[in-house]
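Okay, structure first, notes after.
Along the sequence shown, the residues carry numbers beginning at 1.
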Amino acid sequence: MTANLQLSTFIPLVADLARDLPEQERYRRLLLALQQLLPCEAVALLRLDDDYLVPLSVIGLSADTLGRRFKVSEHPRLQALLASREPTRFPADSGLPDPYDGLVEGHQGHLEVHDCLGCPLYLQDQLWGLLTLDALEPDRFGSIDLDTLGAFASLAAATVMAGERINLLTRRVEDERHLAEVYKQAAGQQRPRELIGQSAAHRTLIEEVALVGDSELTVLISGETGVGKELVAEAIHAASPRARRPLISLNCAALPDSLVESELFGHVRGAFSGAVSERSGKFELADGGTLFLDEVGELPLAVQAKLLRVLQSGQLQRVGSDRDHRVDVRVLAATNRDLAAEVRAGRFRADLYHRLSVYPLRVPPLRERGRDVLLLAGYFLEQNRARMGLRSLRLSAAAQKALLAYDWPGNVRELEHLIGRAALKALSQHPERPRILTIEPDVLDLPGAEVPATDSQVPVASGDAMGLTLREAVDRYQRQLIAETLIRHQHKWSAAAQELGLDRANLSRLARRLGLK
């Protein structure tokens, strides 16, 4: 073997060390270079993972080889290769079974007499894996200098280390990007979201938030759907010593059971189908800060046990890994369920319940907060006024009375959606965009309010259209129809245009003419 051949083989690999290559492509180039240096029918790169050797890249072996896991204790040749720090060549008449029997492309059945060579790879003096070479001719490797393979193994180890460091940096960049998005969203808000109200129940809530915020206690926030439990969690985090660190949220009810564990604790590559790279979970992203678990009562029992371990010890294991990661996270949890009843029914672990509810905090429903309804309505009115480009958007006295008389089963969230719908409906009733738009009870859609026209009632033929010209009556009908369609599609103009049979741009122009946009 000439020095020129070695040089021409090593130089491209050295250049690859500085390139950001996909892992598979980096390993493929490594094996192609090895095959060029030492011509043979099959080469493989395997990583040692506990008691198994995992193929990462192969050339000349069947595709299913990459899915195999070779248990070292069951393969004497692999044991022998791992036991020596130097390259090992097996005699052609070796009686040791070959792990690649039936796997070499173009060769069926048992591997007869052939040449087999292998070399361990060490990363920072730690055994990492193996390079193996197989040639079908008995004496193919007879004349090679094993020091050449040793030198190549050193370069291969550098290649593997470069790839792993790049992957580590990529994961760190992804984690930093995620955190940057959290900070960006927080900084991008014109002002922090606040808890609005003046009622006695609201003042009690604020006092409790301030009290528990300046502590490290785990808080279980309970309350009906829509009361603002997430806002309470944000307020607790803002009042805590961790306020400068991230608040990471996870809705436990929004994920299938198979993904909850990965979202919480992260996973390693190959842990499950689709896990093509390592990924940090919410706990690691929240390290030093706060993790908010919304709808914690929806967690599967198996995940509850692992969550309890993290809360007790501060240690977690990514899915598919046995390595522990230590985290410093304060946990806030929220639920609209009665977790004590869930414990009695066997659907929630008692030990986790007690660990989460160190400080139980109940958020009162809107019906218990009296005139806070009007304060919150004012907040949502101002949001809609700005969005709709109105000078003023207000409630009539009758509308205010209707809001105070309502029971609000959907709480603050229901009020927010109701104000948005009512503003759009009220605007649709005016032929021209008014400077001041007043919301009356008939557009609130509350029990006892005037029932709006159904699809079978044609507004242009009703008494409301008396005294209008045909154009004015048509405009009124179009405004009402467009407004109701937008409400059905959560103000998504493309979806509304599709239902109305209009082009998106044409609908926008019509809405502008009618004063809806």
Exercise. I would like to know whether Val43 and Leu32 meet side-chain contact (heavy atoms from CB on, under 4.5 Å); could you show each step before the answer?
Key: CA-CA 9 Å; Val43 288; Leu32 285 174; over 6 Å; no
Practice problem: May I ask you to test the Ile59-Leu61 pair for a side-chain heavy-atom distance under 4.5 Å? | Solution: no
Practice problem: For Asp115 and Phe90, work out which heavy atoms get closest and say how close. | Solution: OD1-O, 4.0 Å
Quiz item: How many angstroms lie between NE2 in His354 and CG in Leu308, if you round to the nearest 0.5 Å?
Solution: 11.5 Å
Quiz item: Would you say the side chain of Phe283 lies within less than 4.5 Å of the side chain of Val331, judging by non-hydrogen atoms?
Solution: yes
Quiz item: Salt bridge check: are Asp324 and Arg318 linked by an N-O gap of less than 4.0 Å?
Solution: no
Quiz item: Tell me, do Leu220 and Leu339 make a side-chain contact under 4.5 Å, heavy atoms counted?
Solution: yes
Exercise. In sequence, state the C-alpha distance, the side-chain angles, and the governing distance for Leu34 and Leu131, and then conclude on side-chain contact (heavy atoms from CB on, under 4.5 Å).
Key: CA-CA 9 Å; Leu34 179 57; Leu131 282 170; 4.2 Å; yes
Exercise. Look only at the side chain of Asp328 and the backbone of Asp287, and say whether a donor-acceptor pair between them is shorter than 3.5 Å.
Key: no
Quiz item: Hey, is the main chain of Arg245 close enough, under 3.5 Å, to the side chain of His237 for a donor-acceptor pair?
Solution: yes
Self-check item: Intermediate values then yes/no, side-chain contact (heavy atoms from CB on, under 4.5 Å), Glu284 and Leu316
Solution: CA-CA 9 Å; Glu284 290 181 77; Leu316 61 85; 4.2 Å; yes
Exercise. Please check if the side chain of Glu41 supplies one atom and the backbone of Leu136 the other of a donor-acceptor pair under 3.5 Å.
Key: yes
Practice problem: Hey, could you give me the OG1/CD distance between Thr335 and Glu295, rounded to the nearest 0.5 Å? | Solution: 6.0 Å
Exercise. With rounding to the nearest 0.5 Å, note down the distance linking CG in Leu48 to CG in Leu82.
Key: 6.0 Å
Practice problem: Please tell me if the side chains of Val72 and Asp51 come closer than 4.5 Å, counting only heavy atoms from C-beta onward. | Solution: no
Quiz item: Does any non-hydrogen side-chain atom of Arg69 lie less than 4.5 Å from one of Tyr52?
Solution: yes
Quiz item: Which atom names give the shortest non-hydrogen contact between Ala243 and Ala238, and what distance separates them?
Solution: CB-O, 3.5 Å
Quiz item: Any donor-acceptor pair under 3.5 Å linking the side chain of Arg347 with the backbone of Pro300?
Solution: no
Quiz item: Leu301 and Arg349: which non-hydrogen atoms are nearest, and at how many Å?
Solution: CD2-CG, 4.1 Å
Quiz item: Backbone N or O of Leu250 within a donor-acceptor pair of the Asp294 side chain at under 3.5 Å?
Solution: no
Exercise. Just do the side-chain contact (heavy atoms from CB on, under 4.5 Å) check on Asp372 and Ile196 with the steps written out, would you?
Key: CA-CA 8 Å; Asp372 281 357; Ile196 296 173; over 6 Å; no
Practice problem: Return the minimal non-hydrogen interatomic distance between Ala233 and Leu332, and the atom names on each side. | Solution: O-CD1, 3.6 Å
Exercise. Find the distance between CG (Leu361) and OG (Ser222) and round it off to the nearest 0.5 Å.
Key: 7.0 Å
Self-check item: Minimum side-chain heavy-atom gap Leu352-Leu311 below 4.5 Å
Solution: yes
Quiz item: Under 4.0 Å between a Lys/Arg side-chain N and an Asp/Glu carboxylate O for Glu224 and Arg362?
Solution: no
Quiz item: Which value, rounded to the nearest 0.5 Å, describes the distance between Leu299 atom CG and Glu261 atom CD?
Solution: 11.0 Å
Quiz item: With a 4.0 Å cut-off, would you call Arg413 and Glu416 a salt bridge?
Solution: no
Quiz item: Does a side-chain N-to-carboxylate-O contact under 4.0 Å join Arg203 and Glu207?
Solution: no
Quiz prompt | Any side-chain heavy-atom pair of Cys119 and Thr88 under 4.5 Å | solution = no
Quiz item: Are the side chain of Arg330 and the backbone of Ser215 linked by a donor-acceptor contact shorter than 3.5 Å?
Solution: yes
Quiz item: Which atom names give the shortest non-hydrogen contact between Gly197 and Arg369, and what distance separates them?
Solution: CA-NH2, 4.0 Å
Quiz item: Could you state the interatomic distance from CG (Leu356) to CG (Leu293), rounded to the nearest 0.5 Å?
Solution: 7.5 Å
Quiz prompt | Validation row: Leu66, Val58 side chains within 4.5 angstrom (heavy atoms) | solution = yes
Self-check item: Any donor-acceptor N or O pair under 3.5 Å, side chains Tyr359, Glu208
Solution: yes
Self-check item: Donor-acceptor contact below 3.5 Å, side chain Thr204 vs main chain Ala200
Solution: yes
Quiz item: If you look at every heavy atom in Leu285 and Pro246, which pair is closest and at what distance?
Solution: O-CG, 3.7 Å
Exercise. Go through Thr65 and Tyr100 one step at a time and tell me if the side chain to side chain donor-acceptor pair (under 3.5 Å) criterion holds.
Key: CA-CA 9 Å; Thr65 306; Tyr100 301 143; over 6 Å; no
Exercise. Indicate yes or no for a side-chain donor-acceptor contact from Asp214 to the backbone of Ser240 under 3.5 Å, with no hydrogens or angles considered.
Key: no
Quiz item: Ignoring hydrogens and geometry, is there a side-chain-to-backbone donor-acceptor pair from Ser357 to Pro360 under 3.5 Å?
Solution: no
Quiz item: Is Gln198 atom CD crowded by more than 12 heavy atoms from other residues, nucleotides or ligands, each under 6.0 Å away?
Solution: no
Exercise. Would you confirm whether Arg77, through its side chain, and Leu96, through its main-chain N or O, come within 3.5 Å as a donor-acceptor pair?
Key: yes
Quiz item: Would you call Glu298 and Arg337 a salt bridge, using N to O less than 4.0 angstrom?
Solution: yes
